[in-house]
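Working notes, structure below.
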Amino acid sequence: MRWLWIPATCLLFTIFNLNASAVEDEIPLNPDKSKEYPLFEYGEVKIPTPTRGLLYPRDSETREVRRLDGMWRLVRSDPSDPLEGIREKWFSNNLRKTGRQIIPMPVPASYNDITTDNLRDHVGTVWYERTFFVPRSWKVNQRTWLRFSSVHYSAVVWINGRNATSHSIGHLPFEADISGLVSFGAENRITVMCDNRLGSRTIPQGLVYEANTDHGSEPVQSYTFDFFNYAGIHRSVHLYTTPLLHISDVKVTTQLTAEGLGRIDYRIWVDGSQEGRRIQPTHLLVQLRDRDGQVAVHQINKAVYHGTLLVPNANPWWPYLMHPDPGYLYDLQFELYVASNEEEEADALQDAYRLPVGIRSLSWSNDSLLLNGKPLYLRGFGRHEDSDIRGKGLDNALLARDFNLLKWIGANAYRTSHYPYSEESMQFADKHGIMIIDECPAVNIDIFEPQLLEQHMSSLEQLIHRDRNHPSVVAWSVANEPRSHKQGALKYFKSLVNFTRSIADGRPLTAAINANSSTCHLAQFLDIVGFNRYNSWYQNSGRTDMIVNLLTNEAQSWRDKFGKPVIQFEYGGDTMEGMHSLPAFIWSEEYQVELFSRHFKAFDELREKKWFIGEFVWNFADFRTAQTITRVGGNKKGVFTRNRQPKEVAHLLRLRYFALAKELDQCMLPRDLTVYISKHIHNEL
Ligand code: GCB
């Protein structure tokens, strides 16, 4: 791959021959803590190579972006011979030449629920293909990049029959410079092999075994996690250009003082191949524009590509309902200039990239998580990227609907259970002030081995690299329900958390744990202890009178043992929409209402203790799972149906969440929160 990685500072020190230490001294840097931590007790573990580049593709005066979304062609390979296409070089020609059935396949979407046959349960590889034009104009002084936002689980990509890139671990982006592989001003072919198999060393883990069917032996994928293993090209495919010398990466951290002074520490990386031409960056212009496009602060940086912007009277980023104007975002504009050829001419703009930035401080203690100095109480959901037909495919209509529902119900947070969500959803969360507990795809991991640890670290490294600039991210979740009570978990999680802490970029670490406080080997390493517990559902089913004591005692036990802030990340019960029962009976809408209400009682007792900092319902909406006798068409613990309509409990939860917002942040209540009943009954909210 023709990709020359030149850290900005090296490049400039070479060009300007500056006195590096003098410059470094002048500009306050965020200390790089990565060297401070002893990482491993496992000698044999490789620390993941830091991800580079991968800025979300944005148009600018120097960049062009196109999407390769739309109808692709799909061919499936024989499940018992998943690598036949590699052996037979299916990438070297049009997929029609394979003689296999061509299935029209939309991108982005999971492929599973599109057809009417057993593609849904396919195990192994499928091949995607389409053609596209690259304009002639892209040939000159530019690079052409191909970027996938997510292919699940692993992918190999060819352009015109030549290997372009490969990647594994779903839900995370990857890209390649394909300038040397495409034909400009002509048609090109892209081929993607996508493999959905999960094994003992994938994140998450799974097991493929051979089953004896009526038609012979067939591979079957099994897994313990409770959502369908949708696969395919799940998010957009971007084709975009950058100048030869360009901004390849950006990192920002922000702080806000009590006096309202905002501080943005930025760093950019520059990637540049000279390709026989002398291109010299002369300076970087950094401008912070407010919502009206006015420049609030600017800086010209001639020395190094990092610095600090101070913003007097900054408009802070606040979560939804914590402030009348939540989700305030500035536009941070970076312009890289190069010397012009003519002596008298001004330096020429080489590259421009704009990043939305929210100014806020995040800190935590043994008792609380604070945003802009204010203790947070998180009220929200565990969710899934899941919908009818599209599976886990990105759908903007669904995204917009989900955020409208989150705001309607008064939530201020959600956890990206159990994997990284789309970059578009992260941008939405920034804009709407919804706080994110950002989770890596390690769900239900078991059997703790060094090779798994490497993948696990890599998934966290890629996640943090992707999401570190989002103001909405308030914590990293390193796992959901790992078997953290088992042998090997202690050593594994010590290493994992040490590594993650070294790259955590100012966020606390948490996890959603279902072991109990006396046996868990993970919680001791975390900053916030999160637990999942299904009182009156998986235990004491039908007994909503057995919630308050059990729950408050359990939360207290986590607190007593680890002395950290505590959150409940999951509680709930399956509920069939439209099923009613008086008195309440499990699976009925009445039961879900009763179960929630008793949890609220427990949460209110816990809130008085101050270290209890959040309540998350499982789940936002009903979702598809593997076929099992404990799931009727999927998991039905949603507050909303899979079609995003409210169950009865949604109205109760809405009252709860707005009551909390009013009590804690004095928010205005929506007019339609309650309906008129009689002149003698007043709305107490
Ligand atoms: C859990 C898991 C979640 C499941 C949920 C349930 O503890 O974290 O993935 O869907 O329980 O409904 O059983």
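Numbers for residues simply follow the sequence, beginning at 1. Both counts, for ligands and for their atoms, begin at 1 and track the order of listing.
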(message) Minimum distance, heavy atoms only, to atom 13 (O) of ligand 1: which one of Tyr534, Tyr571, Tyr538 is it?
(response) Tyr538

(message) Can you see whether Ser417 engages His384 through a side-chain donor-acceptor pair at a distance of less than 3.5 angstrom?
(response) no

(request) Would you please determine whether Phe623 falls within less than 4.0 Å of ligand 1 on a heavy-atom basis? (result) yes

(message) What protein heavy atom lies closest to atom 4 (C) of ligand 1? Include the residue and the distance to one decimal.
(response) Asp226 OD2, 3.2 Å

(message) Only heavy atoms of Asn532, strictly under 4.0 Å: list the atoms of ligand 1 that pass.
(response) 8 (O)

(message) If you take the nearest heavy atom of each of Glu570, Arg533, Arg631, Lys637, which one is closest to atom 2 (C) of ligand 1?
(response) Glu570

(message) What's the separation between atom CG in Leu378 and atom CD1 in Ile434, rounded to the nearest 0.5 Å?
(response) 11.0 Å

(message) Within the structure provided, determine whether Leu526 and Lys564 are in side-chain contact (heavy-atom separation under 4.5 Å).
(response) no

Could you pull out every donor-acceptor pair under 3.5 Å between side chains of residues 404-411 and any protein atom, sequence neighbours left out?
from: Asn404; atom 1: ND2; to: Ala400; atom 2: O; distance (Å): 3.3
from: Lys407; atom 1: NZ; to: His432; atom 2: ND1; distance (Å): 2.8

(message) Could you check whether Arg631 pairs with Asp574 (Lys NZ or Arg NE/NH1/NH2 to Asp/Glu carboxylate O, under 4.0 Å)?
(response) yes

(request) Establish, for the pair Lys431 and Phe403, whether the NZ or CZ atom is under 6.0 angstrom from the six-membered ring centre and no further than 45 degrees off its axis. (result) no

(request) Go through ligand 1 atom by atom and flag the ones less than 4.0 Å from a non-hydrogen atom of Asn480. (result) 8 (O)

(request) Determine whether any heavy atom of Asn514 lies closer than 4.0 Å to an atom of ligand 1. (result) no

(request) Heavy-atom distances under 4.0 Å are what count here, so tell me which part of Asn635 touches ligand 1: side chain, backbone, both or neither. (result) side chain

(request) Using the side chain to side chain donor-acceptor pair (under 3.5 Å) rule, pick out the option among Lys637, Lys647, Arg642 that qualifies with Asp622. (result) Lys647

(message) How far is atom 9 (O) of ligand 1 from the closest protein heavy atom, and which atom is that?
(response) His418 NE2, 2.7 Å

(message) Checking the N or O distance criterion of under 3.5 Å, is ligand 1 in contact with His384?
(response) no

(request) Would you indicate whether Gln539, at its atom CD, is surrounded by more than 12 heavy atoms from other residues, nucleotides or ligands within a distance under 6.0 Å? (result) yes

(request) Specify the protein heavy atom at minimum distance from atom 7 (O) of ligand 1: its residue, its atom name, and the distance to 0.1 Å. (result) Glu481 OE2, 2.2 Å

(request) For ligand 1, note which part of Phe227 has a heavy atom under 4.0 Å away: side chain, backbone, both or neither. (result) neither

